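All remarks here apply to the structure that follows.
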Amino acid sequence: MIQEVIVTTQNNSGLAHLAPMGIHSNGDEFIILPFRPSTTLNNLLESKTAVLNYCDDVRVFAGCLTGRRDWPLRAAEKIKGQVLQCALAHTELELLRIEDDPTRPRLFCKAVHTVNHAPFKGFNRAQYSVLEAAILISRLDWLPLAKIETEIDYLRIGFEKTAGDREVEAWGWLMTVIEKFKAEAKV
Ligand SMILES: Cc1cc2nc3c(=O)[nH]c(=O)nc-3n(C[C@H](O)[C@H](O)[C@H](O)COP(=O)(O)O)c2cc1C
């Protein structure tokens, strides 16, 4: 299964980095697949650790894609690393091995510690819409604009029916990026 999480990593100086990533999970084993170039990849190779943050505040996902990476963090419990304060739960990872690749290396990790912080309150369609729109924005440079617009129109249906304040804010950040991209491309 692939889980959409916020990966926190840090370099040897302790500088933290947040990135949304789709993580392959199988029990206590996880594979992180960063596209090169990637700060997450560099940090993981330096520190050999990472934290998976299970987070229902989609502003963090949209924020990381729109220049808003400054979310409150605190120290991890068993590894050198940082935990997202708004995470519902988190898993601390150690790097086991890497299968290198010029495009997308595979980083095999094992869970060493998992903590629950708050209850999961159920699925929300607007959160799905924001995640999908954030992925589209991460691919703005290589997906056809017509495809992006068609998909956004579909995602807007569930978004408008179910969004709360956090989803509205996140969606707004993403739509601003698309509008700016279109204006610059003079579409
Ligand atoms: C829901 C979601 C899942 C993503 N999954 C991945 C992924 O598996 N690998 C990846 O390289 N980027 C993924 N991205 C895009 C990255 O978050 C973004 O490009 C980020 O800047 C990665 O580069 P970094 O490690 O330098 O921060 C995803 C984005 C979103 C919104």
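Fair warning: this is a prediction, and the values are worked out from it, not measured in the lab. For ligands, and for the atoms within them, numbers begin at 1 and follow the listed sequence.
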From Ile31 atom CD1 to Leu107 atom CG, the distance as rounded to the nearest 0.5 Å: 9.5 Å
Residues Asp56 and Arg166 bridged, charged N to O under 4.0 Å: yes
Selection residues 32-91 - residue pairs positive for ring-ring contact (aromatic ring centres under 6.0 Å, His included), sequence neighbours left out: His90-His117
Side-chain (Arg36) to main-chain (Pro105) donor-acceptor, under 3.5 angstrom: no
Distance-only donor-acceptor check, side chains Ser47 and Asn11, under 3.5 Å: no
Other residues, nucleotides, ligands: >12 heavy atoms within 6.0 Å of Asp165 CG: no
Protein residues that have a heavy atom under 4.0 Å from any atom of ligand 1, sorted by chain and number: Glu4, His17, Ala19, Pro20, Met21, Gly22, Leu33, Pro34, Phe35, Ser38, Thr39, Thr40, Leu65, Arg69, Arg104, Ala134, Ile135
